[in-house]
There are 2 protein chains.
Amino acid sequence: MLGEPIRDRRTERHERTKAEILEAAWQIARTEGLAGLTLRDVARKVGMRAPSVYSYFDSKNAIYDAMFAQGCQEFLRRGSRLVVTGDPQADLRVGSRMFIEFCTEDPVRYQLLFQRTIPGFEPSTGSYALAVQALETIRARLVEIGIDDPAALDMLTALTTGLADQQISNDPGGDRWLKLIDEAMEMFFAHWHNRIPRRS
Amino acid sequence: MLGEPIRDRRTERHERTKAEILEAAWQIARTEGLAGLTLRDVARKVGMRAPSVYSYFDSKNAIYDAMFAQGCQEFLRRGSRLVVTGDPQADLRVGSRMFIEFCTEDPVRYQLLFQRTIPGFEPSTGSYALAVQALETIRARLVEIGIDDPAALDMLTALTTGLADQQISNDPGGDRWLKLIDEAMEMFFAHWHNRIPRRS
DNA sequence: GTCTATATTTGGATAGAC
DNA sequence: GTCTATCCAAATATAGAC
């Protein structure tokens, strides 16, 4: 009557090693750049030779894809922890701050998820679905705040990714654009709250 | 009494060929991606073999650097053609539209100038100075519009690059974010015009 | 599953003849 | 200035032994 599935110790170990490889990949990407990731380096970091990695991932792009999915899942996890207080402006501030800090705290992850700059890589359908889901959580939160104009959502993504992008590109490690978040949201809120969508 | 310098036909031809190589590099980067640029392809496009390119550029990065400088100069050229009408909002609209269209009309140029995503490349001091000069023209225009808070400049660069970035990443060739430009500038202007800078 | 060995490709850069 | 020939290095991926 125990409903637990039979544990497969072999599979468990396999999954653990996959996770270990991914963690190594993140670390190397953060130091060498996302495009500078090589299977040799990843393998070495986990104490293997390059060919052994192929027992866990079919290709280098499969690693990128798993990293992409991990990034999306982390975003979804953080989004699910956000609460709705009922104060629209506060909710907007908290949500946008979460998003922008998510972007800036790991520029490599930002590059992988939001800029499509890796030569031959594009996410698999499964991973892409996670990204769609992530955008949907943002849309839903904006609706709860009382803003349901689709143009407002597009404006918000532009404004927040713009802040994140400038922060990463022009003041890495600093806060020159981070400290503009509250003011940006004030500006955004004043313009879009209780506004009737214009025709086209 | 003719003040013209003596023309050096050899140098002139050399410069012409350099320009031809750069144009080929732009074309290839636009189809193969900026990171996908190879000397072989560039050489072939101008009817040479790869080693011959070294008679014109010391390295591949020297080509990137020349492209970077060209991009900045094109931006400066367009900025110099903008007029100030005295209508602050109209001037803001025109300036931001110029900037965003400059970005979106050539995503490869945008990537080279505004995202630093090429492995070992960073602009030479001379080329970087052009980029600084370009930002300065934006700052000066914003002052003429009547907004001289440095935070406003940072907010404007975030907003405009954000619109450009979303347009390029999520609706290439379309106008989903381009058509938000006027509304974005309305929002920006309402917030920053005649505002006293806050302490910190 | 992991290894060694190797195939394969690619691409930046140099040497030296013409 | 341009070429051929070549070097050198890197990196993905596969074959097959253990």
Side-chain angles (χ1 to χ4, degrees), chain A residues 8-68 108 112 117-122 124, chain B residues 8-68 108 112 117-122 124:
Chain A
D8 182 339
R9 300 184 69 83
R10 194 169 344 233
T11 302
E12 282 175 10
R13 176 172 171 75
H14 191 82
E15 289 305 312
R16 256 197 321 272
T17 306
K18 279 188 81 164
E20 202 185 335
I21 288 170
L22 280 183
E23 180 50 34
W26 281 113
Q27 286 181 27
I28 290 166
R30 287 188 195 111
T31 62
E32 304 299 318
L34 195 55
L37 188 70
T38 74
L39 294 181
R40 273 168 167 61
D41 291 346
V42 172
R44 163 138 53 187
K45 179 148 255 170
V46 297
M48 287 178 185
R49 302 306 178 109
S52 304
V53 175
Y54 286 88
S55 295
Y56 299 93
F57 293 95
D58 287 341
S59 68
K60 187 184 178 182
N61 275 349
I63 295 180
Y64 281 135
D65 193 57
M67 292 168 76
F68 184 94
V108 161
L112 180 62
T117 183
I118 299 299
F121 168 69
E122 55 182 317
S124 62
Chain B
D8 181 339
R9 300 183 68 85
R10 198 177 331 241
T11 302
E12 281 175 10
R13 177 174 171 75
H14 190 81
E15 290 305 310
R16 254 198 320 273
T17 306
K18 279 187 81 163
E20 201 185 335
I21 288 170
L22 281 182
E23 180 49 35
W26 280 112
Q27 285 182 27
I28 290 167
R30 287 189 195 110
T31 62
E32 305 298 318
L34 196 54
L37 188 71
T38 73
L39 294 181
R40 274 169 168 63
D41 291 346
V42 172
R44 163 136 52 189
K45 180 148 255 172
V46 297
M48 286 178 184
R49 301 307 179 107
S52 304
V53 175
Y54 285 87
S55 295
Y56 300 93
F57 293 95
D58 287 341
S59 69
K60 187 184 176 181
N61 275 349
I63 295 179
Y64 281 135
D65 193 56
M67 292 168 78
F68 184 93
V108 161
L112 180 62
T117 182
I118 299 299
F121 169 69
E122 55 182 317
S124 62

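Keep in mind the model is a prediction, meaning the values are calculated, not measured. Atom set for the values below is all heavy atoms of this structure, side chains included, hydrogens, waters and symmetry mates excluded. Numbers restart at 1 for each chain; the letters A, B, ... are given by sequence-line order, proteins then strands.
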Query raised in the report: Which part of the nucleic acid, if any, lies within reach of B:T38 when heavy atoms closer than 4.0 Å are counted: base, sugar-phosphate only, or nothing?
Result: sugar-phosphate
Query raised in the report: For atom CD of A:E122, is the number of surrounding heavy atoms from other residues, nucleotides or ligands below 6.0 Å larger than 12?
Result: no
Query raised in the report: Between B:D58 and A:R49, which is nearer to the 5' end of DNA chain C once each is assigned its nearest nucleotide?
Result: A:R49
Requested in this report: For A:S55 and for A:R40, find the nucleotide of DNA chain C with the closest heavy atom, then tell me which residue's nucleotide is more 5'.
Outcome: A:S55
Report task. To the nearest Å, give me how far apart NZ (B:K18) and P (D:dT2) are. Result -> 13 Å
Report task. Remember a base hit wins even if backbone is also touched, and classify B:L37 as base, sugar-phosphate or nothing at under 4.0 Å, heavy atoms. Result -> sugar-phosphate
Query raised in the report: Side chain of B:K60, backbone of B:L37: donor and acceptor closer than 3.5 Å?
Result: yes
Requested in this report: Go through C:dT14, D:dC3, D:dG1 for me and flag the one nearest to the B:Y56 side chain.
Outcome: D:dG1
Query raised in the report: CD of A:E32 versus C1' of D:dA10: gap in Å, rounded?
Result: 13 Å
Query raised in the report: Looking at the side chain of B:Y54, which of C:dG12, D:dT14, D:dT2 is the nearest nucleotide?
Result: C:dG12
Query raised in the report: Choosing from D:dC3, D:dA13, C:dT4, which nucleotide comes nearest the side chain of B:S52?
Result: D:dC3
Requested in this report: Tell me which of B:T17 and A:G36 sits closer to the 5' end of DNA chain D, going by the nucleotide each one is nearest to.
Outcome: B:T17
**Report entry** Between C1' of D:dT12 and CZ of A:F57, the distance in whole Å
**Finding:** 16 Å
Report task. Rounded off to whole Å, could you give me the CZ-to-P distance for the B:R10 and D:dT2 pair? Result -> 13 Å
Report task. Report yes if some heavy atom in the side chain of B:Y56 is under 4.5 Å from a heavy atom in the side chain of B:M48; otherwise report no. Result -> yes
**Report entry** Whole angstrom value for the distance that separates C1' of D:dA11 from CD1 of A:I63
**Finding:** 13 Å
Query raised in the report: What do the steps show when you test A:L34 against B:T117 for side-chain contact (heavy atoms from CB on, under 4.5 Å), and what is the final call?
Result: CA-CA 9 Å; A:L34 195 55; B:T117 182; over 6 Å; no
Query raised in the report: The side chain of B:K60 lies closest to which of these nucleotides: C:dG12, D:dT12, D:dC3?
Result: C:dG12
Query - Sugar-phosphate only, base, or nothing, as touched by A:G120 at under 4.0 Å among non-hydrogen atoms - result: nothing
Query raised in the report: Whole-Å distance between D:dA10 C1' and A:D41 CG?
Result: 11 Å
**Report entry** Nearest heavy-atom neighbours spanning A:A24 and A:V46
**Finding:** CB-CG1, 3.8 Å
Report task. Would you mind reading off the distance between B:R44 atom CZ and D:dT2 atom C1', rounded to a whole angstrom? Result -> 17 Å
Query raised in the report: Which nucleotide in the list C:dG1, C:dG11, D:dA13 gets nearest to the side chain of A:L39?
Result: D:dA13
Query raised in the report: With respect to the side chain of B:P51, which nucleotide from C:dG12, D:dT12, D:dA5 is positioned closest?
Result: D:dA5
